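Take a look at the structure set out below.
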2 protein chains.
Amino acid sequence: MMKSAQVVKALSALAQPTRLGIYRLLVERGPEGMAAGQVAEKLKVSPATLSFHFKTLSHAGLVEGRQEGRFIYYAANFAVMNGMVAYLTENCCGGAPEACKPKK
Amino acid sequence: MMKSAQVVKALSALAQPTRLGIYRLLVERGPEGMAAGQVAEKLKVSPATLSFHFKTLSHAGLVEGRQEGRFIYYAANFAVMNGMVAYLTENCCGGAPEACKPKK
DNA sequence: CTGATACTTTAATAATTGTTTAACAATGGA
DNA sequence: TCCATTGTTAAACAATTATTAAAGTATCAG
């Protein structure tokens with residue numbers, strides 16, 4: 001179970017265009033992740049700015065970095081986002097969640 | 001399909017403790033919604049502050065208000081949140097989304 | 001060891017955001 | 001009509017956040 005403050009932190013982290021782009025890129029990439037420099041190049045973000053944003057994302061638990069030689073690979077942490085979504089939809093419609101589900 | 005800017009707006013709206021509380025309360029309540037005053041009382045928020053937050057939430061499309069006599073009932077708009085979640089998980093793991101799904 | 005690469009940290013500035021107080025509509029009962 | 005109720009708006013202030021530039025750390029190839 002996630003706590004409110006944790007969820008706010010995760011939402012704040014994603015509520016910024018650059019960070020949302022970073023996160024989506026990492027989601028698409030999957031568990032293998034992507035080196036910081038590749039992300040910088042792909043999204044046209046300066047290293048300092050990117051580093052700042054990675055710090056925000058990883059402090060929120062949404063991404064994790066692992067060092068590999070000179071590179072740092074960042075990967076999305078899916079558990080945290082799933083927890084966030086679960087928190088948002090908790091007790092939906094007083095327990096009768098017909099109205100909440102996405103129509104497929 | 002939701003656009004990036006729309007998603008950022010929705011995430012920003014939820015990325016604040018008071019608004020997250022408001023939203024969760026409305027999610028729990030379902031389509032019927034809840035009068036602004038009831039929300040204010042339940043969450044111990046001043047009317048002016050609450051009004052400010054409702055504006056932010058409805059501008060993001062996350063809630064909708066309907067006037068009923070002297071009251072305004074606010075209700076969660078589930079389609080927008082579902083769209084937001086879909087945007088976040090799009091193309092997860094390059095199309096092989098084993099790692100992204102919540103374990104049930 | 002030296003120099004280049006990969007990334008982070010710090011400090012300064014600019015912009016955004018949240019809260020409060022006070023004043024302002026609009027609705028409806030007496 | 002009068003007045004209390006319900007909620008919104010505007011202005012001011014404090015706090016948070018994003019970006020840039022410059023300096024700093026760590027790894028590796030030669």
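Predicted model, so just to flag it, every value in this text is computed and none were measured. Each chain gets a letter, A, B and so on, in the order its sequence line appears, and its residues count up from 1.
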When you check the gap from the basic side-chain N to the acidic O, do A/Arg66 and A/Glu68 get nearer than 4.0 Å?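 A salt bridge links A/Arg66 with A/Glu68.
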Take the protein atom [atom1] of [X] and the nucleotide atom [atom2] of [N], then report the distance between them rounded to whole Å.
| X | N | atom1 | atom2 | value |
| --- | --- | --- | --- | --- |
| A/His53 | D/dT17 | NE2 | C1' | 10 Å |
| B/Phe54 | C/dG18 | CZ | P | 15 Å |
| B/Lys44 | C/dT19 | NZ | C1' | 19 Å |
| A/Leu43 | C/dC7 | CG | C1' | 16 Å |
| A/Phe52 | C/dA12 | CZ | P | 17 Å |
| B/Leu50 | D/dT8 | CG | P | 7 Å |
| B/Leu57 | C/dG18 | CG | C1' | 13 Å |
| A/Gln38 | C/dT5 | CD | C1' | 15 Å |

Are B/Thr49 and C/dT20 close enough that a side-chain N or O sits under 4.0 Å from OP1 or OP2?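 Result: yes.
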Residue-phosphate contact under 4.0 Å: B/Tyr73 side-chain N/O, D/dG7 OP1/OP2: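 False: B/Tyr73 side-chain N/O out of range (4.0 Å or more) of D/dG7 OP1/OP2.
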Assign each of B/Gly37 and A/Ser12 to its nearest nucleotide of DNA chain D by heavy atoms, then name whichever residue's nucleotide is nearer the 5' end.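 Nearest-nucleotide comparison on DNA chain D picks B/Gly37.
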Heavy atoms, side chains only, cut-off 4.5 Å: are [X] and [Y] in contact?
| X | Y | value |
| --- | --- | --- |
| A/Gln6 | A/Val80 | no |
| B/Asn77 | B/Leu62 | no |
| B/Tyr23 | B/Met81 | yes |
| B/Leu88 | A/Val85 | no |

Closest to the [X] side chain: [options]?
| X | options | value |
| --- | --- | --- |
| A/Arg19 | D/dT9, D/dA21, D/dA18 | D/dA18 |
| B/Gln16 | D/dG7, C/dG18, C/dA6 | C/dG18 |
| A/Thr18 | C/dT19, D/dT19, C/dC7 | D/dT19 |
| B/Ala36 | C/dG18, D/dG7, C/dT20 | D/dG7 |

Step through the shown structure and confirm whether more than 12 heavy atoms of other residues, nucleotides or ligands are within 6.0 Å of CD on A/Glu90.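 For A/Glu90, atom CD is crowded (more than 12 foreign heavy atoms under 6.0 Å).
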Roughly how far, to the nearest 0.5 Å, is the CG atom of B/Leu57 from the OH atom of B/Tyr74?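 With rounding to 0.5 Å, OH (B/Tyr74) is 9.5 Å from CG (B/Leu57).
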Grab the N/O contacts between the protein and nucleotides 24-30 of chain C below 3.5 Å, and write none if there aren't any.
none

